[in-house]
Amino acid sequence: MRGFAMSQWELLVTDGHVRAARWRNAVPFVFLAAVIAVILGVVVTTYLPQATPSTSVADAQNALVAERRSAVIAFLQDRGVVQTAPANAERALTRETAPSSVATLLQALNTNGRLPESVVAQNAEEFWQGAWQPGAIHAVQEGRTVLVGYYVDAAMRYPGYRPQPMLRRAYGIIRRGDARQWTYLCLQIAGAQPCDEQPVDPSMIPATMRDLLPASAFATGRQS
């Protein structure tokens with residue numbers, strides 16, 4: 001009878017019961033290990049030196065902007081000076097006619113979103129070679145930004161007197177804003193025709209100028 005009762009008892013004690021009993025016996029040890037881990041964590045946090053926030057990303061960005069600004073300044077040095085007068089220099093825009101020509105270009109962009117056919121469209125490499133046609137506006141368009149350049153005859157004129165042309169280059173940026181309106185800004189470049197309105201220093205907009213200068217301008221940072 002006792003053997004029969006024992007066999008029934010063994011059938012009732014499953015593997016699950018055995019595992020549960022083992023876990024109950026292990027609970028105090030698990031709890032103790034958790035307490036020790038928490039204490040060690042607090043000690044390590046307390047005595048380890050505080051990490052200084054990393055500024056490497058910001059420093060790298062600032063360095064890149066400074067490098068691009070230096071590249072813009074170096075590339076544009078004396079780009080306003082006309083070394084050799086081109087043929088037909090007398091056809092160049094004058095200080096009086098240049099503003100109206102730019103206004104016509106601006107009106108065309110605001111009317112139909114395209115440069116007028118009279119504008120000589122070029123890529124950055126061609127534009128900065130400087131072989132411009134007197135009397136024409138040359139342009140490089142990158143998305144919502146247009147770089148324009150043209151000759152200006154800066155010679156003083158008097159009634160009955162036509163002096164020899166005195167050419168300077170002139171540069172401007174035309175941008176389309178969020179309101180889809182195009183606006184013109186004169187670029188201040190050494191040796192170029194002075195701006196009538198408040199000028200924009202190209203080195204202060206290096207991200208914009210990067211798309212409007214040849215790739216070689218940024219190939220090795222500061223250019224000579």
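Only heavy atoms go into these numbers, but all of them, side chains included; no hydrogens, no water, no symmetry mates. Sequential numbering from 1 along the given sequence is applied to the chain's residues.
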- Message: Hydrophobic clusters here meaning ILVMFWY residues chained together by side-chain heavy-atom distances under 4.5 Å, can you tell me if Ile174 and Leu93 are in one?
- Response: yes
- Query: Any link between Phe75 and Leu187 through a network of hydrophobic side chains (Ile, Leu, Val, Met, Phe, Trp, Tyr) touching at under 4.5 Å?
  - Reply: yes
Distance, nearest 0.5 Å, that separates [atom1] of [X] from [atom2] of [Y]:
{"X": "Phe218", "Y": "Ser70", "atom1": "CZ", "atom2": "OG", "answer": "10.5 Å"}
{"X": "Ile189", "Y": "Gln77", "atom1": "CD1", "atom2": "CD", "answer": "12.0 Å"}
{"X": "Thr208", "Y": "Arg68", "atom1": "OG1", "atom2": "CZ", "answer": "10.5 Å"}
{"X": "Gln164", "Y": "Asp153", "atom1": "CD", "atom2": "CG", "answer": "9.5 Å"}
{"X": "Leu185", "Y": "Ile173", "atom1": "CG", "atom2": "CD1", "answer": "8.0 Å"}
{"X": "Met209", "Y": "Ile73", "atom1": "CE", "atom2": "CD1", "answer": "11.5 Å"}

- disulfide bond (SG atoms under 2.5 Å apart) partners of residues 122-166, not counting sequence neighbours, each pair once: none
- Message: Filter on disulfide bond (SG atoms under 2.5 Å apart), then keep only pairs touching residues 65-166, sequence neighbours left out; what's left?
- Response: none
Ignoring hydrogens, what is the shortest heavy-atom contact between [X] and [Y]? Give both atom names and the distance.
{"X": "Ala136", "Y": "Val120", "answer": "CB-CG2, 4.1 Å"}
{"X": "Ala87", "Y": "Pro134", "answer": "O-CG, 3.5 Å"}
{"X": "Arg168", "Y": "Ala154", "answer": "CD-CB, 4.3 Å"}

- Please name all residues satisfying side-chain contact (heavy atoms from CB on, under 4.5 Å) with Ala85, sequence neighbours left out, ordered by chain then number. none
- Hey, is the main chain of Val81 close enough, under 3.5 Å, to the side chain of Asp78 for a donor-acceptor pair? no
- Sidechain-backbone polar pair: Arg180 side chain, Arg176 backbone, donor-acceptor under 3.5 Å: no
- Query: For Tyr171, is the NZ or CZ atom of Arg169 found under 6.0 angstrom from the centre of its six-membered ring and inside 45 degrees of the ring axis?
  - Reply: no
- Query: With side chains defined as the heavy atoms from C-beta onward, is the minimum distance between Phe127 and Pro214 less than 4.5 Å?
  - Reply: no
- Query: Going by heavy atoms in the side chains, are Gln61 and Val57 under 4.5 Å from each other?
  - Reply: yes
- Query: By side-chain hydrogen bond (donor to acceptor under 3.5 Å, both in side chains), which residues pair with Ser118, not counting sequence neighbours?
  - Reply: none
- Exceeds 12 heavy-atom contacts within 6.0 angstrom, atom CD of Glu96: yes
Sequence neighbours excluded and cut-off under 3.5 Å, please list the side-chain donor-acceptor pairs for residues 139-152, or say none.
{"residue": "Gln141", "atom": "NE2", "partner": "Gly143", "partner atom": "O", "Å": "3.3"}
{"residue": "Thr145", "atom": "OG1", "partner": "Arg175", "partner atom": "NE", "Å": "2.8"}
{"residue": "Tyr151", "atom": "OH", "partner": "Gly130", "partner atom": "O", "Å": "3.4"}

- Keeping to residues at least two apart or across chains, list the salt bridge (charged side-chain N to carboxylate O under 4.0 Å, His left out) pairs with something in residues 99-109. none
- Message: Between Ser101 and Thr104, does the side-chain hydrogen bond (donor to acceptor under 3.5 Å, both in side chains) criterion hold? Intermediate values first, please.
- Response: CA-CA 5 Å; Ser101 296; Thr104 299; over 6 Å; no
For residues 194-205, run the donor-acceptor check on the side chains, cut-off 3.5 Å, and write out each pair with its distance to 0.1 Å, sequence neighbours left out.
{"residue": "Asp201", "atom": "OD1", "partner": "Ser203", "partner atom": "N", "Å": "3.0"}
{"residue": "Asp201", "atom": "OD1", "partner": "Ser203", "partner atom": "OG", "Å": "3.0"}
{"residue": "Asp201", "atom": "OD2", "partner": "Ser203", "partner atom": "OG", "Å": "3.1"}

- Task: Run through the side-chain heavy atoms of Ile, Leu, Val, Met, Phe, Trp and Tyr, join any pair under 4.5 Å, and report what else lands in Met166's cluster.
- Result: none
- Qualifying side chain to side chain donor-acceptor pair (under 3.5 Å) pairs, either residue in residues 128-138, two or more places apart: Gln122-His138
- Message: For a quick check under 3.5 Å, do Thr97 and Thr94 share a side-chain donor-acceptor pair by atom type?
- Response: yes
Pair up each side-chain donor or acceptor in residues 109-116 with any protein partner under 3.5 Å, not counting sequence neighbours, and list the distances.
{"residue": "Asn110", "atom": "OD1", "partner": "Trp182", "partner atom": "N", "Å": "2.7"}
{"residue": "Asn110", "atom": "ND2", "partner": "Leu106", "partner atom": "O", "Å": "3.3"}
{"residue": "Asn110", "atom": "ND2", "partner": "Trp182", "partner atom": "O", "Å": "3.4"}
{"residue": "Thr111", "atom": "OG1", "partner": "Gln107", "partner atom": "O", "Å": "2.7"}
{"residue": "Asn112", "atom": "OD1", "partner": "Arg114", "partner atom": "N", "Å": "2.9"}

